[in-house]
Amino acid sequence: MFKRVENELELAMFNGIWTTVWREKGFELEFSDKSLAKYIVVTDEGHCVGTTEFKPYSIKDSELNETAPFHEHPDVIAAADEIVEIDKMAILRSYRGRYISDLLSACVYFAEGERIKYFVSLLEPVFLRALKVSFRVPLKKLGDKIFYKGDYVNPVLIDVEQIYQNKHRFDWVVYSQAALQRRRVAAE
């Protein structure tokens, strides 16, 4: 299950999870001052075990463009206003494997609600391979791996619109009834 970070306690849990994973991986810590939304993955027992954050992306002035040529890709140019950067995708070590689908479902849920076409991101190569092979996430690598803030990463464009428009092809997409109810209430 996943939920949007809505209060200071959840924000503290969010920060505790991703910073733990970043330190474990040897990444430099980088707190965001601009965020569209933050989500946490929660077990059935109520343990917060994963995180993901969505940040604005601008084809003209996102710092991400300084790291990789996202702004030069034709799909990014064509969909410039429907792209979001995804960051801080993390799952605590002892929970990896079982909760990746919840983490990815949070991403799809957010994108569908906001009508996002693509995510841009820098992904660790092992995680990238899992997304491609195990979860069949439609994505494109936009260049070779690069060393960035402590480890190698791949610049990636994820076609998230293809996922939420074809959920039947992605059996790992799971939205809780509570998440769907919150969306219905917010729309009214």
Side-chain angles (χ1 to χ4, degrees), residues 1-6 10 14 17-18 32 34-44 48-59 62 64 68 70-71 73-91 95-124 127-142 153-188:
M1 157 173 81
F2 58 86
K3 75 172 302 304
R4 190 174 184 141
V5 171
E6 297 173 338
E10 291 169 352
F14 175 91
I17 293 166
W18 77 263
S32 304
K34 295 178 185 172
S35 179
L36 299 171
K38 294 173 171 64
Y39 281 79
I40 50 177
V41 174
V42 184
T43 68
D44 290 339
C48 298
V49 300
T51 62
T52 190
E53 178 179 44
F54 305 99
K55 300 184 332 190
Y57 173 79
S58 168
I59 198 164
S62 282
L64 202 59
F70 290 100
H71 61 291
H73 192 277
D75 290 340
V76 172
I77 294 168
D81 294 334
E82 300 166 294
I83 298 175
V84 166
E85 179 183 346
I86 191 166
D87 194 13
K88 296 180 181 60
M89 291 184 77
I91 298 179
Y95 295 94
R96 288 187 196 137
R98 293 184 311 201
Y99 291 96
I100 293 176
S101 62
D102 293 270
L103 181 69
L104 296 175
S105 293
C107 298
V108 175
Y109 176 82
F110 172 79
E112 183 176 17
E114 299 296 320
R115 307 313 292 170
I116 303 301
K117 280 189 174 214
Y118 295 105
F119 288 134
V120 290
S121 190
L122 301 172
L123 297 180
E124 188 261 343
F127 183 56
L128 172 61
R129 181 167 168 67
L131 294 183
K132 283 180 71 171
V133 174
S134 299
F135 294 92
R136 301 178 331 276
V137 171
L139 55 81
K140 296 175 186 173
K141 288 191 334 184
L142 302 184
V153 293
N154 288 101
V156 175
L157 180 68
I158 300 171
D159 188 344
V160 68
E161 181 181 51
Q162 188 178 135
I163 299 171
Y164 65 73
Q165 288 185 344
N166 298 286
K167 288 186 210 122
H168 63 281
R169 292 185 13 222
F170 302 94
D171 60 357
W172 49 262
V173 175
V174 289
Y175 294 173
S176 70
Q177 288 303 314
L180 293 173
Q181 179 61 28
R182 281 192 299 274
R183 178 173 286 157
R184 280 191 285 277
V185 169
E188 294 175 353

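Numbering starts at 1 and runs along the sequence shown. Just the heavy atoms: all of them, side chains too, but no hydrogens, waters or symmetry mates, feed the values below.
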Decide yes or no for V84 and E114: does some side-chain heavy atom of the first lie under 4.5 Å from some side-chain heavy atom of the second? no
Heavy-atom distance under 4.5 Å between the side chains of F70 and L122, does that happen here? yes
Can you say whether the rings of W172 and F135 are parallel (under 30°), tilted (30 to 60°) or perpendicular (over 60°)? perpendicular
To the closest 0.5 Å, what do you measure between OG1 (T51) and CG (L103)? 7.0 Å
Which value, rounded to the nearest 0.5 Å, describes the distance between D102 atom CG and M1 atom CE? 8.5 Å
Could you tell me which non-hydrogen atom of P56 sits nearest to which non-hydrogen atom of K34, and how far apart they are? CD-O, 3.9 Å
When every non-hydrogen atom of C107 is compared with those of I86, the smallest separation belongs to SG-CD1, 3.1 Å
Once rounded to the nearest 0.5 Å, what's the spacing between atom NZ of K38 and atom CG of D87? 9.5 Å
Do the side-chain N and O atoms of S32 and K88 include a donor-acceptor pair separated by under 3.5 angstrom? yes
For the student: nearest non-hydrogen atoms of F119 and V160, plus distance: CE1-CG2, 3.6 Å
Measure the shortest side-chain to side-chain distance between Y39 and S105 over non-hydrogen atoms and say whether it is less than 4.5 angstrom. no
Working to the nearest 0.5 Å, report the span between CZ of R136 and CG of D171. 6.0 Å
Is it true that the side chains of E85 and S62 contain a donor and an acceptor less than 3.5 Å apart? no
Between F54 and F110, how do the two ring planes meet: parallel, tilted or perpendicular, split at 30° and 60°? parallel
Should L104 and L131 count as side-chain neighbours, where that means a heavy-atom distance under 4.5 Å? yes
First locate atom CZ of R115, then atom OH of Y164, and finally report the distance between them rounded to the nearest 0.5 Å. 4.5 Å
Measure the shortest side-chain to side-chain distance between T52 and F2 over non-hydrogen atoms and say whether it is less than 4.5 angstrom. no
If you compare all heavy atoms of M89 against all heavy atoms of L123, which two are closest, and at what distance to 0.1 Å? SD-CD2, 4.4 Å
Over all atoms of both residues, closest heavy-atom pair of E10 and E6: OE1-N, 2.6 Å
Pairwise distance CG(L128) to NZ(K141) - rounded to 0.5 angstrom: 6.0 Å
Would you mind reporting whether K55 and L64 have side-chain heavy atoms less than 4.5 Å apart? no
Close side-chain approach of I17 and V41, heavy atoms under 4.5 Å: no
Nearest heavy-atom neighbours spanning I163 and F170: CA-CE1, 3.7 Å
Decide yes or no for K117 and I83: does some side-chain heavy atom of the first lie under 4.5 Å from some side-chain heavy atom of the second? no
Could you tell me whether the side chain of D159 and the main chain of Q162 form a donor-acceptor pair under 3.5 Å? yes
